[in-house]
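What follows is a short report on a single structure.
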Amino acid sequence: MSQLKNDTFLRALLRQPVEYTPVWMMRQAGRYLPEYNQTRSRAGSFLSLCKNPDLATEVTLQPLARFPLDAAILFSDILTVPDAMGLGLYFAEGEGPKFERPLRNEWEIKNLTVPDPRDHLGYVMDAVAQIRKSLANSVPLIGFSGSPFTLACYMVEGGSSSDFLQTKIMLYSRPELLHHILEINAQAITAYLNAQIESGAQAVMIFDSWGGALSHSAYREFSLAYIEKIVSGLHKEYDGVKIPSIVFTKGGGLWIEQMAAIGCDALGLDWTIDIGQARKLVGDKVALQGNLDPLVLFGTPERIVTEAEKVLESYGHGSGHVFNLGHGISQYTDPENARILIETVHSSSRKYHEVSSQ
C-alpha cells in the first residue's frame, strides 16, 4: 500500500491528531467551475458525463487542480442505483432527474431486485479505479451513495418533490411496500459502496438528502434503521487500511445522538445546528463534518473569513472536525470565493490543533 501524501482528512474522520482542519466541499466538482461546464458540454449530457469513466475522472480532478482540497469525491449521481434497477433515469432540462417508470404498483415494487454493482454499475467502478490511480496518492478518494429513503423518494415520486406526497401516502397507508423498497435499496447500496471500496474508495459517505422531511418516529423507522443496516454491512477495513464512513441527513440535527449510535465514523451536519453544540451531544463517538451555509460564499471576502472562523471556533480545539459546507456548493458561486474559504480553513484552524500535533 503506497502512503498518502496528505491523509489529514482520513485522520480527522478517525479523530486522530492533525495539524489543521481538513476541508472539502459537497458538489466540489460542479457547475460553478467553468472547466466543468466545458467537459459537460463535451459529454453531451449529465448522464453521459456520469457514465463515461474518462470524463468522470476529469471532472473529479478539476477542483483539486484549482484548490488545495484535502479530499476528492467521486463524480457520479445518487440515482445511478435506481437506474440500474431498471427505472429509466433521465434528466429533463431545467427540471432535474426523472424516472420513466416510478414505483406505484405493488407488482413493480415486488419485482425490484438488487443490481450487481460490477455488472450494472461497472462504469462507476471503472471511474473509481481510474480516479484513484490519477490521484497518485495525493489525497484520499471518497465514494458515496444516496440513502435508502432518499432513493425511495425519487423512485416513488418519479423525480424531485417538495412534499413527497406519494412516498408519504405509501408510508402511512401501505408501509410494508415502502419497507420492501427500503430493504432492497439497503442491500443494493451496501453492495454498491463495498464495490466502490474494493475499486479504490478510501472513505464512503451516505447522503440522506430527504430524511429530514420525516416525522421523529418515521425517521427512525424508515430512514435511520436502514442506514444502520448499511453501515453494519460495509467493509470497515480494506487492504489493511481503515475505511471510514460518513452519514449525512439534511435537516437531521434533531437526531444526531441517535445517528451517532449507528456505528458510522462521522456525521455530516447541515448549517441549521451549531457544530459546538453537536460536538457536546455526540461526545467522542463520531467525528463531525460541516457545516457552513453554502450561501455564505456569496458574501464579501471578509464575511466568508468571519463565518468560516465562527464554525472553527465553535468546534474548538482538537481533532475530529472535517470542514465542509452544510449542503452542496451553489452553481452560481464565484470560484474565487471557494478559494478564500479553503485557504481560511487551512490557515485559521492551525491554532486549534497545536496541542494535539505535539
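Keep in mind that the numbers below use all heavy atoms, side chains included, and drop hydrogens, waters and symmetry copies. Computed from a predicted model, the values in this text were never measured in an experiment.
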In this structure, are over 12 heavy atoms from other groups packed under 6.0 Å from Glu307 atom CD? yes
Please report the closest heavy-atom contact between Val128 and Leu141, naming both atoms and the distance. O-CD2, 3.7 Å
Pairwise side-chain contact, Thr21 with Val322, heavy-atom cut-off 4.5 Å (strictly under): no
Between His353 and Ser319, is there a side-chain donor-acceptor contact under 3.5 Å, judged purely by atom types and distance? no
For Glu19, the option from Arg350, Arg11, Lys351 that meets salt bridge (Lys or Arg N to Asp or Glu O under 4.0 Å): Arg11
Give a yes or no on this: more than 12 heavy atoms of other residues, nucleotides or ligands lie within 6.0 Å of atom NZ of Lys236. yes
Is any side-chain heavy atom of Leu4 less than 4.5 Å from a side-chain heavy atom of Pro140? yes
Scan for salt bridge (Lys or Arg N to Asp or Glu O under 4.0 Å) pairs involving residues 240-259, sequence neighbours excluded, and state none if there are none. none
Side chains of Leu312 and Ile275 in contact at under 4.5 Å (non-hydrogen atoms): no
If you count the non-hydrogen atoms of other residues, nucleotides and ligands that lie under 6.0 Å from NZ in Lys168, is the total more than 12? yes
Under 4.5 Å between side-chain heavy atoms, counting indirect links through other Ile/Leu/Val/Met/Phe/Trp/Tyr residues: same cluster for Phe298 and Leu33 or not? no
Of all heavy-atom pairs between Ala56 and Thr60, which one has the smallest distance, and what is that distance? O-OG1, 2.7 Å
In sequence, state the C-alpha distance, the side-chain angles, and the governing distance for Arg339 and Glu336, and then conclude on salt bridge (charged side-chain N to carboxylate O under 4.0 Å, His left out). CA-CA 5 Å; Arg339 176 187 308 283; Glu336 202 39 52; 3.4 Å; yes
Transitive ILVMFWY side-chain link Leu14 to Ile262, under 4.5 Å: no
Are Leu135 and Tyr238 joined in one hydrophobic group, where the rule is that I, L, V, M, F, W and Y side chains link up if heavy atoms are under 4.5 Å apart? yes
How long is the span from the CG atom in Asn324 to the CE atom in Met205, to the nearest 0.5 Å? 6.5 Å
What closest approach, in Å, do Glu106 and Leu177 show between heavy atoms, and which atom pair accounts for it? CG-CD2, 3.7 Å
Pairing of Lys51 and Asp83 as salt bridge, 4.0 angstrom limit: yes
Candidate pair Tyr192 and Thr80, rule side chain to side chain donor-acceptor pair (under 3.5 Å), full reasoning: CA-CA 10 Å; Tyr192 182 54; Thr80 53; 3.1 Å; yes
Roughly how far apart are Trp107 CH2 and Leu103 CG, rounded to 0.5 Å? 9.5 Å
Looking at CG of Leu297 and CG of Asn337, how far apart are the two atoms once the value is rounded to the nearest 0.5 Å? 6.5 Å
Quick check for you: to the nearest 0.5 Å, what is the distance between Leu47 atom CG and Asn52 atom CG? 11.5 Å
A side-chain contact here means heavy atoms from C-beta on lying under 4.5 Å apart; do Ile184 and Met85 qualify? yes
Full working for side-chain contact (heavy atoms from CB on, under 4.5 Å) between His327 and Asp270: CA-CA 6 Å; His327 201 234; Asp270 69 15; 5.8 Å; no
Return the orientation label for the Trp255 and His216 ring planes: parallel under 30°, perpendicular over 60°, tilted otherwise. tilted
Leu292 vs Phe323, side-chain contact (heavy atoms from CB on, under 4.5 Å): CA-CA, chis, key distance, verdict: CA-CA 8 Å; Leu292 188 76; Phe323 199 101; 4.1 Å; yes
Of the non-hydrogen atoms in Gln202 and Pro244, which two are nearest, and what is the gap between them? O-CD, 3.3 Å
Under 3.5 Å, is there a donor-acceptor pair linking the side chains of Thr344 and Glu309? no
Distance (rounded to the nearest 0.5 Å) between Glu354 CD and Tyr352 OH: 10.5 Å
Nearest heavy-atom approach of Leu224 to Met259 is CD1-CG, 3.8 Å
Would you give the length of the straight line joining atom CG of Leu178 to atom CZ of Arg174, rounded to the nearest 0.5 angstrom? 11.5 Å
For residues 59-78, which residue pairs pass the ring-ring contact (aromatic ring centres under 6.0 Å, His included) check, not counting sequence neighbours? Tyr36-Phe75, Phe46-Phe75
Would Leu295 and Trp271 satisfy side-chain contact (heavy atoms from CB on, under 4.5 Å), going step by step from the backbone distance to the final call? CA-CA 10 Å; Leu295 299 191; Trp271 63 90; over 6 Å; no
Run Tyr332 and Tyr32 through ring-ring contact (aromatic ring centres under 6.0 Å, His included) and show every step you take. CA-CA 6 Å; Tyr332 305 110; Tyr32 74 106; over 10 Å; no
Hydrophobic cluster membership, with links at side-chain heavy-atom distances under 4.5 Å among I/L/V/M/F/W/Y: are Leu49 and Tyr90 in one? no
Establish, yes or no, whether a centroid distance under 6.0 Å links the rings of His179 and Phe222. yes
Looking only at the side chains, is there a donor atom on one of Asn137 and Gln3 sitting less than 3.5 Å from an acceptor on the other? no
Indicate the ring-plane relationship of Tyr154 and Trp210, choosing parallel, tilted or perpendicular according to the 30° and 60° boundaries. tilted
Are any of the side-chain heavy atoms of Leu193 and Ile206 separated by less than 4.5 Å? yes
Report the residues that fulfil side chain to side chain donor-acceptor pair (under 3.5 Å) with Glu198, sequence neighbours left out, ordered by chain and then residue number. Arg118, His235
No-hydrogen, no-angle side-chain donor-acceptor test under 3.5 Å, Ser45 and Ser48: yes
With a 4.5 Å heavy-atom cut-off, do Ile342 and Pro68 have their side chains touching? yes
Could you walk me through whether Gln187 and Ile230 pass side-chain contact (heavy atoms from CB on, under 4.5 Å), step by step? CA-CA 7 Å; Gln187 291 176 27; Ile230 294 166; over 6 Å; no
Verify the neighbour count for atom NZ of Lys280: are there more than 12 heavy atoms of other residues, nucleotides or ligands below 6.0 Å? no
Which residues, ordered by chain and number, are linked to Leu165 in its hydrophobic cluster, where ILVMFWY side chains connect at heavy-atom gaps below 4.5 Å, directly or through other members? Ile169
Those residues that, when tested against Glu237, pass side chain to side chain donor-acceptor pair (under 3.5 Å) (two or more places apart): none
Write out all pairs satisfying side-chain hydrogen bond (donor to acceptor under 3.5 Å, both in side chains) with one or both partners inside residues 64-79, taking only residues at least two apart or from two chains. Asn6-Asp70, Tyr20-Asp70, Glu35-Arg66, Asp70-His346
Contact check, side chains of Gln289 and Phe248, non-hydrogen atoms, under 4.5 Å: no
Hydrophobic cluster membership, with links at side-chain heavy-atom distances under 4.5 Å among I/L/V/M/F/W/Y: are Leu74 and Ile78 in one? yes
Please indicate whether Arg303 has more than 12 foreign heavy atoms, meaning atoms of other residues, nucleotides or ligands, lying under 6.0 Å from its CZ. no
Using a strict threshold of under 4.0 Å (side-chain N to carboxylate O), is an ion pair present between Lys98 and Glu157? no
Restricting to non-hydrogen atoms, name the atom on Ala12 and the atom on Ala287 that form the minimum distance, rounded to 0.1 Å. O-CB, 3.6 Å
Residue pair Lys229 / Thr190, side-chain heavy-atom distance below 4.5 Å: no
